[in-house]
Every structure is written in structure tokens, then in C-alpha cells.
Amino acid sequence: MNDNQPRDFIRQIIDEDIASGKHGGRVVTRFPPEPNGYLHVGHAKSICLNFGVAAEYAGRTFLRFDDTNPGKESEEYVRAIKDDVRWLGFDWEDRLSHASDYFDQLYDAAETLIVKDKAYVDSLTAEQIRAYRGTLTEAGKDSPYRNRSLEENLDLFRRMRAGEFADGEHVLRAKIDMASPNINLRDPTLYRIRHVPHQHTGDKWCIYPMYDFAHGLSDAFEGITHSLCTLEFEDHRPLYDWFLDQLDPPHRPRQYEFSRLNLAFALTSKRKLNLLVSEGIVSGWDDPRLATLAGMRRRGYPPAAIRDFCRRIGVTKKENMIEMALLENCIRENLDVAAERRMVVVHPLKVTLTNFDAGKTEMLAAQNHPNRPELGSRQIPFSREIFIERDDFMEDAPKKYFRLKPGGEVRLRFAYIIQCKEVVRNANGEVIELLCTLDPDTRSGSASSERKVKGTIHWVSATHAVPAEVRLYDRLFTVADPGSVAEVMPVLNPSSLAVAQAKLEPSLGTVVAGTPWQFERLGYFCADSVDHSGNKPVFNRIVTLRDGWAKIEKQALQ
RNA sequence: UGGGGUGUAGCCAAGUGGUAAGGCAGCGGGUUUUGAUCCCGCCAUUCGGAGGUUCGAAUCCUUCCACCCCAGCCA
């Protein structure tokens with residue numbers, strides 16, 4: 001058992017079950033996605049919980065596709081979900097299953113219910129069934145078909161399966177209690193007719209079981225001990241238990257509910273996600289601005305950081321809204337250790353060093369990681385013309401501004417201290433170049449480099465720089481809870497993506513997609529897995545560095 | 001107005017009758033050739049409110065309040 005893992009209420013229940021010998025001390029869980037969309041950060045919480053809990057107790061976890069509604073499901077989603085779970089770092093080994101694997105057993109169970117007078121074929125229309133169901137405060141009333149004979153029910157149900165009826169003509173319903181205060185118990189539908197092929201079973205079936213009927217029984221068939229789901233299924237639990245009571249399978253699973261993850265400024269509604277994808281608002285399910293696992297992977301979020309995040313948010317039954325700052329902290333914490341440092345200028349401003357020989361190239365040593373000397377160093381070319389970040393020069397600088405200003409000095413990281421002598425402008429008066437001198441006694445690492453200046457900035461040699469596209473991402477929405485607004489289009493952040501033409505230090509010219517780098521003083525970046533190539537480098541900003549200067553500026557404004 | 005849940009700091013979250021852990025954020029300071037990292041310190045006399053039980057209550061009881069979920073032939 002992992003001591004770093006908080007003892008949330010689920011783990012406490014499991015501890016008690018093991019202590020009391022329930023389930024023979026076994027722990028078996030399942031992650032049951034419906035293959036009708038891509039997985040998102042909310043699913044990550046469930047995956048980490050289900051796989052994590054099983055691993056801690058030497059148990060097992062099934063990856064089970066809850067594929068009972070073929071009209072909405074597809075092979076593409078099945079494939080993507082498997083990729084995402086694997087990427088997040090979990091292995092279902094030989095325990096890949098589908099609710100549809102149990103369609104034969106489920107069908108038999110349905111006939112058993114009919115024989116026990118616990119299910120009947122209803123021939124009301126969908127609208128009529130809704131009307132008969134009553135309301136939250138008024139009891140429903142029995143369907144006129146509720147008391148069909150066993151023989152008639154069996155005959156009708158078999159003919160439903162045989163394809164003798166059109167979609168919607170009949171359904172199979174449980175016979176429970178139309179007056180129950182719990183609406184889920186007012187004779188819920190068990191089977192409906194759908195003449196559509198299924199991504200896993202092909203055209204074998206034209207009737208498909210509903211979630212409530214299929215899920216608990218699938219749990220029982222697989223020997224699931226702890227069936228973990230989200231809060232909205234809490235009042236389905238009496239129904240979950242009812243099926244087990246009626247059919248009395250050899251194994252009895254228990255359902256426990258926890259609250260789903262809500263991440264501020266992230267969308268976890270499959271319907272709305274689907275809309276953004278189909279309308280082309282984003283580049284696909286893997287758009288780096290989305291909180292889908294595919295998007296976060298492409299963005300460059302390390303899976304270990306997401307797992308750490310899921311561990312830190314905890315598991316409770318309370319509605320929550322997690323701040324993006326926590327996720328970003330997990331990402332930075334991981335990447336600070338993992339990522340080698342490089343120098344990249346994202347918004348270039350040319351600087352000419354007037355006392356440095358034209359045509360001369362000097363090679364300077366740069367540490368790959370300030371806190372991990374074992375990662376060694378690299379050589380960076382230095383020359384008369386360099387690029388610095390536009391933000392690192394200011395004409396009318398406030399007193400606390402430590403970077404370059406007219407007449408001011410700054411250190412070029414791993415190189416020399418320079419002084420700004422002249423500002424060059426174009427016809428519009430815009431600053432297009434700086435003329436500076438360098439102090440040859442201040443070369444990094446040299447015996448006489450002790451002189452201190454307040455600021456250090458990054459740079460790239462203009463003659464050696466590799467041009468690259470850099471994509472700077474910001475939150476996709478302007479509101480913290482895009483899932484709760486009626487229309488997502490009006491709350492899209494128009495500047496969620498900014499594309500910059502950047503200058504890379506030469507060592508980044510031959511880099512593999514996905515590897516994270518820290519661009520010094522800017523943030524963490526990785527080459528894009530889709531659009532990056534050797535000829536046309538494309539980098540994604542994973543996350544910015546914490547920015548103390550931004551804080552100072554903000555305070556100055558107040 | 002029925003049923004099911006949940007209320008501990010700005011955001012999460014421990015706590016299970018013995019005197020409010022921890023993380024994120026924030027604030028203050030130190031180190032620093034990344035305004036990063038790192039380090040140190042501060043940050044709930046009070047647990048949704050009001051009563052009650054008890055030597056002692058976030059934990060037990062009563063009552064009130066707020067918020068979330070449920071009326072798919074979706075999951």
C-alpha cells in the first residue's frame with residue numbers, strides 16, 4: 001500500500017472490507033468508458049482511482065467499454081480511449097472487455113426476469129411512457145401493458161430480438177413500482193429496439209440493453225468488488241441492487257459514488273467538446289487547448305504530472321472546482337526536474353554588438369540544467385548580431401526593471417555584460433534595433449567575470465538562429481465553468497492561441513516531438529507531434545514559468 | 001411540493017468525542033548569471049446557522065439554511 005496516497009473514503013471502505021473478509025479480501029475494479037468521445041481530465045481522475053486503488057491492494061482492473069448504445073459509438077473512440085489509458089500509464093493486461101461481450105448473458109437475464117414476473121414488454125410510445133412516469137412530486141401510473149401474461153411477454157421479447165418490430169415499437173421494462181419516490185424505480189426500460197450495427201458485435205443484435213441493466217450485471221460477471229462511479233448515479237444504486245437481488249449472481253459487487261472533477265476554465269462535457277471539434281473551433285480532439293487526454297498529451301503535459309494532480313485533488317463526495325493553478329503547479333514541478341534548458345527568443349529584437357568583430361563566432365558553454373550537473377553542458381555560438389526578447393528592452397523603464405534600457409547594462413546569459421548605447425528606429429518610430437557594446441572582461445566562467453549586474457536575459461545568435469513557429473496557448477474560455485453556460489461560442493477566448501515566429505538556438509534544430517524543454521525565462525515547450533518537422537519546426541508552449549515580474553507589474557498598477 | 005446527496009480558509013482536503021494535518025494560491029524574507037528553481041516564515045480562537053447533550057463537540061442530538069443531482073427507448 002502506498003503511504004503517499006491519501007486515505008480517502010473509498011480506500012477506507014476497502015480497508016474495512018479487507019479487514020472483515022468481504023470479497024475474500026480481493027479488490028477488482030473497472031474503468032467503464034462509453035466509446036462515444038475522447039477521454040478528458042475528468043476521466044483521468046476515474047482512471048487513476050480505479051487502477052490506482054486496485055494496484056495498491058494487489059487487485060485487478062478491467063478496461064470495459066460500456067457499449068450499449070451503438071448509434072453513438074465507434075471504433076475510432078475505442079482506439080483513442082485505449083491509447084489514452086496506456087499513455088496515462090495504466091495497463092489492463094488481459095482484462096479488456098465490453099458490455100457487449102455479455103449480451104447473451106444479459107439477454108438470458110432479461111428472460112429470467114420475465115419468467116419471474118419482474119419484467120414485461122411495453123408497447124406504449126416513448127411519449128406515452130414519459131407521461132405515465134409521473135413527475136418528481138406525483139406518482140406515475142401503470143402501463144396498460146403491465147399485466148401481459150408470461151407467455152405473451154416471452155413471445156414478444158423473442159420477436160423483438162428476432163427483428164420482427166421496428167425501432168420504438170416495444171421496449172422491455174422492469175416491473176418494480178410506478179409510485180416509487182425514486183424515479184429510477186418506476187419500471188425502468190431494460191431493452192430497446194435499435195436496428196443499427198454495433199461497432200463490436202456487428203449485426204448480431206437489434207435490441208440493446210440499457211445502462212442500468214447492463215452495468216451492474218457486467219460488474220457481477222467480471223467479479224468487480226468495488227464499482228466506482230460518479231455522484232449522479234447515486235440514486236441509481238437502489239436499481240443496481242434490485243437487479244442483483246432479483247438475479248442473484250454468484251458474485252455481488254457494490255457501487256460507490258464520488259464527485260466528478262471540475263477543472264476551472266476546462267470543458268469536460270462530451271457534447272460541447274464534440275461541438276467544438278465538429279465546428280472546427282479547435283483543430284481536433286487533440287487540440288492542445290483542450291483538457292482531453294489527447295490534447296494534454298499533444299500539449300506536452302507529462303502523464304506523471306496528471307497522475308500527481310489526480311492524487312492531490314483527492315476523492316470525496318463534495319462538488320468541487322479545482323483551480324488551474326494546481327494542475328500547472330504539478331506540471332511545472334515535474335518539468336523543472338525533467339526538462340533540459342535551452343535559449344529561444346520568441347519575439348525577437350535585433351541587437352548589434354558594435355565592438356565585437358563581424359564574422360567572428362565564439363562558442364560558449366551553457367549548462368543544460370542548473371540543478372542537475374550530470375546533464376552536462378552544450379556549446380552555443382555567439383556573434384556580433386544577436387536577438388533578444390522585445391520584452392527585455394524598455395525605453396522608459398520603471399526603477400525596478402532590471403533588464404535592458406538606454407544606457408543600461410544587462411548580462412547575456414552564459415555570455416557577456418552588454419550596455420545599450422543607441423536605439424534604432426524605423427520610419428514609424430518603432431524600435432527595430434539596439435546598438436550595444438560588450439565588456440570583454442565579463443565573459444561567463446572567466447576569472448574576471450565577477451562583476452554583477454541586476455539582470456540576466458536570454459539571447460540567440462542571429463547568424464546561427466533556427467527559425468521556428470511557436471504556439472503560445474492560453475485558456476480556451478473566458479469563464480471558469482464553460483460546462484454550465486448554454487452556449488460555449490460566446491465564451492471562447494479569442495486569444496487562446498498566439499502564433500509567434502521565434503529564433504531557436506541551433507541545438508534545437510534537430511529535436512524529437514514530445515520531449516519537453518525549458519526555454520529559459522519563458523516556459524516549458526515541446527515540438528508538436530502533428531505539425532513539427534525538421535524543415536519547419538513547430539513548438540507548443542506547455543506552460544509558462546512562474547512570473548515574479550508579472551506580479552510586480554500588477555502591484556504597480558494598483 | 002417527492003427522492004437522493006453535500007456543506008472545514010480564496011481553491012482542494014485531513015479530521016471518525018480530547019482541544020483544526022497537508023497541498024495549491026496569497027503575503028513577507030533569503031540564495032540565485034532564468035524576476036525560474038530552492039530555502040525560511042506568515043496565513044481558520046473556528047468547522048453553513050441556531051439551540052442542546054458532555055468535564056470536553058468539526059465530530060453526538062434537534063432544528064433551520066444553502067447548494068448539487070433525478071421525470072432518456074443516454075451513459
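Residue numbering restarts at 1 for every chain, and letters A, B, ... go by the order of the sequence lines.
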By the 4.0 Å heavy-atom rule, please label A:Tyr208 as base, sugar-phosphate, or nothing.
nothing
Using Watson-Crick or G-U wobble geometry with both distances under 3.5 Å, which nucleotide pairs with B:rG2?
B:rC70
Spacing of CD1 belonging to A:Ile10 relative to CG belonging to A:Leu49, to within rounding of 0.5 Å:
6.0 Å
Check the phosphate of B:rA75 against A:Arg192, side-chain N and O only, distance under 4.0 Å to OP1 or OP2. Yes or no?
yes
Ignoring hydrogens and angles, answer whether the base of B:rU37 and the side-chain atoms of A:Arg332 contain a donor-acceptor pair closer than 3.5 Å.
no
When all nucleic acid strands are considered with a 4.0 Å heavy-atom cut-off, which category describes A:Leu124: base, sugar-phosphate, or nothing?
base
Contact class for A:Thr135 (heavy atom, under 4.0 Å): base, sugar-phosphate, or nothing?
base
Starting at NE2 of A:His369 and ending at P of B:rU37, how long is that distance when rounded to a whole Å?
12 Å
Looking only at side-chain N and O atoms, does A:Arg133 come under 4.0 Å of OP1 or OP2 in B:rC73?
yes
Rounded to the nearest 0.5 Å, the NE2 atom of A:His98 sits from the OG1 atom of A:Thr201 at a distance of 10.0 Å
Among B:rG10, B:rA71, B:rC70, the one nearest any side-chain atom of A:Glu323 is B:rG10
Within less than 4.0 Å of OP1 or OP2 of B:rG4, is there a side-chain N or O belonging to A:Arg237?
no
When you look at CZ of A:Arg271, are more than 12 heavy atoms from neighbouring residues, nucleotides or ligands closer to it than 6.0 Å?
no
Salt-bridge contact A:Asp308-A:Arg312 (side-chain N to carboxylate O under 4.0 Å)
yes
Suppose we call a contact any N or O donor and acceptor under 3.5 Å apart; does that hold for the side chain of A:Arg521 and the base of B:rU34?
no
Residue closer to the 5' end of RNA chain B, A:Met321 versus A:Asn329 (nearest nucleotide):
A:Met321
From the candidates B:rG5, B:rG72, B:rA14, the one with an atom nearest any side-chain atom of A:Thr316 is B:rA14
Spatial distance of atom CG (A:Leu522) from atom CE (A:Met343) [nearest 0.5 Å]
11.0 Å
Strand partner of B:rA58, provided both Watson-Crick or wobble distances fall under 3.5 Å
none
When the P atoms of B:rG51 and B:rU59 are considered, how many whole Å apart are they?
14 Å
Tell me: CD1 of A:Ile380 to P of B:rU33, nearest whole Å?
17 Å
Which whole number of Å gives the distance between the P atom of B:rG18 and that of B:rG23?
24 Å
Can you tell me the distance, in whole Å, between the CG atom of A:Asp177 and the C1' atom of B:rA71?
15 Å
Taking B:rU53 as the reference, what is the distance to B:rU8 when you measure between their C1' atoms (whole Å, please)?
22 Å
Side-chain (A:Ser218) to main-chain (A:Ala99) donor-acceptor, under 3.5 angstrom:
no
Chi-angle category of B:rG72 [syn within 90° of 0, anti beyond]
syn
Select one nucleotide: of B:rU34, B:rA75, B:rC73, the one nearest the side-chain heavy atoms of A:Val171.
B:rC73
Starting from C1' on B:rA21, measure out to CZ on A:Arg7 and report it in whole angstrom.
16 Å
Quick one: A:His198 NE2 to B:rA75 P, roughly how many Å, whole number?
10 Å
Tell me which nucleotide among B:rG2, B:rU37, B:rA13 gets nearest to the side chain of A:Lys318.
B:rA13
Nearest-angstrom distance, C1' atom, B:rC39 to B:rA20:
27 Å
Within the structure shown, what part of the strands sits under 4.0 Å from A:Leu522 by heavy-atom distance: base, sugar-phosphate, or nothing?
nothing
Is there a Watson-Crick or G-U wobble partner for B:rG28 with both distances under 3.5 Å, and which nucleotide is it?
B:rC40
Side-chain ion pair, A:Arg192 and A:Asp167, N-O less than 4.0 Å:
no
May I ask you to say what A:Ile322 touches in the nucleic acid, namely base, sugar-phosphate or nothing, with a heavy-atom cut-off under 4.0 Å?
sugar-phosphate
Which is true for A:Ile457 with a 4.0 Å heavy-atom rule: it touches a base, it touches only sugar-phosphate, or it touches nothing?
nothing
So which nucleotide does B:rA21 pair with, by the Watson-Crick or G-U wobble rule with both distances under 3.5 Å?
none
In this structure, how many angstroms lie between the C1' atom of B:rC74 and the CZ atom of A:Phe65, rounded?
18 Å
RNA chain B nearest-nucleotide lookup for A:Val315 and A:Gly134: closer to the 5′ end is A:Val315
Looking across every strand, which nucleic acid part, if any, lies under 4.0 Å from A:Lys454 by heavy atom: base, sugar-phosphate, or nothing?
nothing
Closest nucleotide among B:rG35, B:rC24, B:rU8 to the A:Arg403 side chain:
B:rG35
Please work out if A:Glu34 contacts a base, only the sugar-phosphate, or nothing of the nucleic acid, heavy-atom cut-off 4.0 Å.
sugar-phosphate
Between B:rC27 and B:rU37, how many Å separate the two P atoms, rounded to a whole number?
13 Å
Which nucleotide in the set B:rA71, B:rA25, B:rC73 lies at the smallest distance from any side-chain heavy atom of A:Leu136?
B:rA71
Classify the side chain of A:Gln12 versus the base of B:rU16 as yes if they form a donor-acceptor pair under 3.5 Å and no if they do not.
yes
Distance criterion of 3.5 Å, no angle test: do you see the side chain of A:Asp235 paired donor-to-acceptor with the base of B:rG3?
yes
Looking at A:Arg30 and A:Leu228, would you say the former's side chain and the latter's main chain have a donor-acceptor pair under 3.5 Å?
yes
On a whole-Å scale, what distance lies between the C1' atoms belonging to B:rC43 and B:rC24?
13 Å
When we call it a touch if two heavy atoms are under 4.0 Å apart, what does A:Arg173 touch: a base, just sugar-phosphate, or nothing?
nothing
Looking only at the side chain of A:Arg546 (C-beta and beyond, no hydrogens), which of the listed nucleotides B:rC12, B:rA36, B:rA71 gets closest?
B:rA36
With P as the reference atom in both, quote the distance from B:rU45 to B:rA21 in angstrom, rounded to an integer.
12 Å
Per atom distances to the A:Leu326 side chain, the nearest of B:rG23, B:rC27, B:rA71 is B:rG23
Between atom CD in A:Glu232 and atom C1' in B:rA71, what is the gap in whole Å?
16 Å
If you look at every strand shown and take non-hydrogen atoms under 4.0 Å, does A:Ser259 touch a base, only sugar-phosphate, or nothing?
nothing
Side-chain N or O of A:Lys452 closer than 4.0 Å to phosphate OP1/OP2 of B:rU33:
yes
Of the listed nucleotides B:rC27, B:rA71, B:rG10, the one nearest the side chain of A:Gln555:
B:rC27
With C1' as the reference atom in both, quote the distance from B:rC47 to B:rA58 in angstrom, rounded to an integer.
5 Å
Separation of atom CD in A:Glu127 from atom C1' in B:rA71, rounded to whole Å
15 Å
Please tell me whether A:Arg342 and A:Asn368 have a donor and an acceptor in their side chains that are separated by less than 3.5 angstrom.
yes
Measure from the side-chain heavy atoms of A:Arg194 and tell me the nearest of B:rC74, B:rU33, B:rG4.
B:rC74
Regarding A:Arg146 and A:Asp187, does a basic nitrogen lie under 4.0 Å from an acidic carboxylate oxygen?
yes
